[in-house]
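Heads up, the thing below is written out as structure tokens.
Letters go in sequence order (proteins before strands), and every chain restarts at 1.
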Protein chains: 2
Amino acid sequence: MAKKIKPEEQISTEEKIKEAARTVFMKKGFSATRTRDIADEAGINLALLNYYFRSKEKLFELVMMEKFQAFFGVIFPILNDPSTTLERKVELIADQYITLLTENPDLPIFILSEIRTNADRMVASVRLDKILAESQFVKQLHERRPDMHSVQLIMSILGLVVFPFLMRPLLMQTGNADTKIFNAMMNERKQWIPKWFDSILNAK
Amino acid sequence: MAKKIKPEEQISTEEKIKEAARTVFMKKGFSATRTRDIADEAGINLALLNYYFRSKEKLFELVMMEKFQAFFGVIFPILNDPSTTLERKVELIADQYITLLTENPDLPIFILSEIRTNADRMVASVRLDKILAESQFVKQLHERRPDMHSVQLIMSILGLVVFPFLMRPLLMQTGNADTKIFNAMMNERKQWIPKWFDSILNAK
DNA sequence: AAAATATTTAAACATTTGATTAAAACATCC
DNA sequence: GGATGTTTTAATCAAATGTTTAAATATTTT
């Protein structure tokens, strides 16, 4: 039952396929991805995909779950921490989220695209609205600005953080020079966004 | 060569197909759309699609061009108007863009999704970065805040306006009650965003 | 009305695509 | 070293899918 005797530098077929699936699904989405694309990317025989993961759908769900987790896993603990102030939460979101997305710039468009096509499936089961509504963050927002709908403020902070990664392909060539400029700007934003959000919180 | 004698309530087959293509492509994107879906939606024989538009690709390009135009057509004239102040431009963008997107909430995810899959094609030809760089808006931004990269500010204003429509499927059921709440919030945002942007412009 | 042209239809075609199969290759255990 | 179980391969399948064809029907022109 033991896998391989060499523990180092041996990547299992299963993991090769998963990694290839991550790459291809992320780049093209579920519908535009062919199982043969994944097999080629992984450098394995097509049949192995079904041998290890039963179907394209199952393999996709695996990747989707991972990415969904990555996308929301960072933010939920921050939003729910009762020991940090509103301002600190915003600092943490800006900092950690921008770090995450700089390393995974395709994450937002992937998540949002696939949710749009599926709409039902695992997405509806998460009920983001309910999770948010019960969060510390929303409570703190409501205390500070009872006159503003907390969703307004959440959309604003997330828009400031996430939207640049969505419009990057429109603004920049994928060339390396542009990437560096973009990443530098995102890094600056870690400082700006908390300041801007303070202004928003105190607006009018 | 005259189309139809009855001018009223007669929709040409060509237009029926185009309209169905708009609906289906917008909802599912290029890859997930089957030509048969479009034919069914239009209530026409499958072969007519190719008879009138040669191919799925050609039909898609038509729809994409339209939507691209809708997405950017509103904003470019505002950005380039030399007779309005910075503040007024932001007011106009918030107001007109939110109005447009409330009527076409799927527009942003459609554009961004398809650009991601294609990347090259007609999108690269538009060179949004160059168009923006030469706009009045950017000149005015640069005058006001020479210390801030104008792209930072453009990403912020667009993020505040557009991002809510991207995360709507995550926050809300497609039910009618939620839609009304969402639209009401977007309407409020027409007022808030100019105020917020003023704060951003004067930050620190 | 006949001829010419344009539109529509049902059927079929050629590829593509996700999945399966049966056998070969490989590894492990006694 | 042979039996046993696991992994890999090449070939194939059936369904889906974009497109074409040829005949039928409708419309326009002469």
*Interatomic distance where CZ belongs to B:Phe53 and P belongs to D:dG18 [whole Å]*: 16 Å
*Taking CG from B:Leu59 and C1' from D:dT19, how many angstroms apart are they, rounded to a whole number?*
14 Å
*A:Arg34 side chain N/O closer than 4.0 Å to the phosphate oxygens (OP1, OP2) of C:dT17?*
yes
*Nearest to the side chain of B:Ala47 - C:dT9, C:dA19, C:dT20?*
C:dT9
*Using a cut-off of less than 4.0 Å, is there contact between a side-chain N or O of B:Asn45 and OP1 or OP2 of C:dA10?*
yes
*asked:* Any side-chain N or O of B:Thr35 below 4.0 angstrom from OP1/OP2 of D:dG18?
replied: yes
_Value in whole Å for how far the P atom of C:dT20 lies from NZ of A:Lys58_ = 11 Å
*Could you state the atom-to-atom distance from NZ of B:Lys28 to P of D:dA16 in whole Å?*
14 Å
*For the helix from C:dA1-D:dT30 to C:dC30-D:dG1, measure the angle between the helix axis at one end and the axis at the other, each built from five pairs, rounding to 10°.*
10°
*For B:Thr13 and C:dT7, is the shortest distance between a side-chain N/O and OP1 or OP2 below 4.0 Å?*
no
*Spacing between B:Asn50 atom CG and C:dT15 atom P, to the nearest angstrom*: 16 Å
*Hey, which of A:Phe30, A:Phe53, A:Phe68 is the one that makes ring pair (Phe, Tyr, Trp, His ring centres under 6.0 Å) with A:Phe60?*
A:Phe30
*asked:* Quiz question: by atom type and distance under 3.5 Å, do the side chains of B:Asn187 and B:Lys190 form a donor-acceptor pair?
replied: yes
*Nucleotide of C:dA12, D:dT8, D:dT21 approaching A:Tyr52 most closely (side-chain heavy atoms)*: D:dT8
*asked:* Which is more 5' along DNA chain C, the nucleotide nearest B:Arg36 or the one nearest A:Arg54? Just name the residue.
replied: B:Arg36
*Presence of B:Ser55 side-chain N/O under 4.0 Å of D:dG18 phosphate oxygens OP1/OP2*: no
*What is the distance, rounded to the nearest whole Å, between atom CD1 of B:Ile44 and atom P of C:dT7?*
14 Å
*For A:Tyr51 and D:dT6, is the shortest distance between a side-chain N/O and OP1 or OP2 below 4.0 Å?*
no
*Ring center gap for B:Phe25 and B:Phe110 short of 6.0 angstrom*: no
*Are the side chain of B:Arg189 and the backbone N or O of B:Leu160 linked by a donor-acceptor pair below 3.5 Å?*
yes
*More than 12 heavy atoms from other groups under 6.0 Å of NZ on B:Lys195*: yes
*Would you mind classifying the nucleic acid contact of B:Leu46 as base, sugar-phosphate or nothing, using non-hydrogen atoms under 4.0 angstrom?*
base
*A:Lys89 and A:Thr84: side chain to side chain donor-acceptor pair (under 3.5 Å), yes or no, with the steps?*
CA-CA 6 Å; A:Lys89 284 190 176 62; A:Thr84 52; 3.0 Å; yes
*At what distance, to the nearest 0.5 angstrom, does CZ of A:Arg88 lie from CG of A:Asp95?*
8.0 Å
*Send over the distance from A:Asp40 CG to C:dT16 P, rounded to a whole Å.*
14 Å
*Going through the distances and angles, do A:Arg145 and A:Leu201 end up as a side-chain contact (heavy atoms from CB on, under 4.5 Å)?*
CA-CA 7 Å; A:Arg145 289 299 299 251; A:Leu201 264 183; 4.0 Å; yes
_Applying a 4.0 Å non-hydrogen cut-off, can you work out what B:Thr33 is touching in the nucleic acid: base, sugar-phosphate, or nothing?_
sugar-phosphate
_Expressed as a whole number of angstroms, how long is the span from A:Leu48:CG to C:dA19:P?_
14 Å
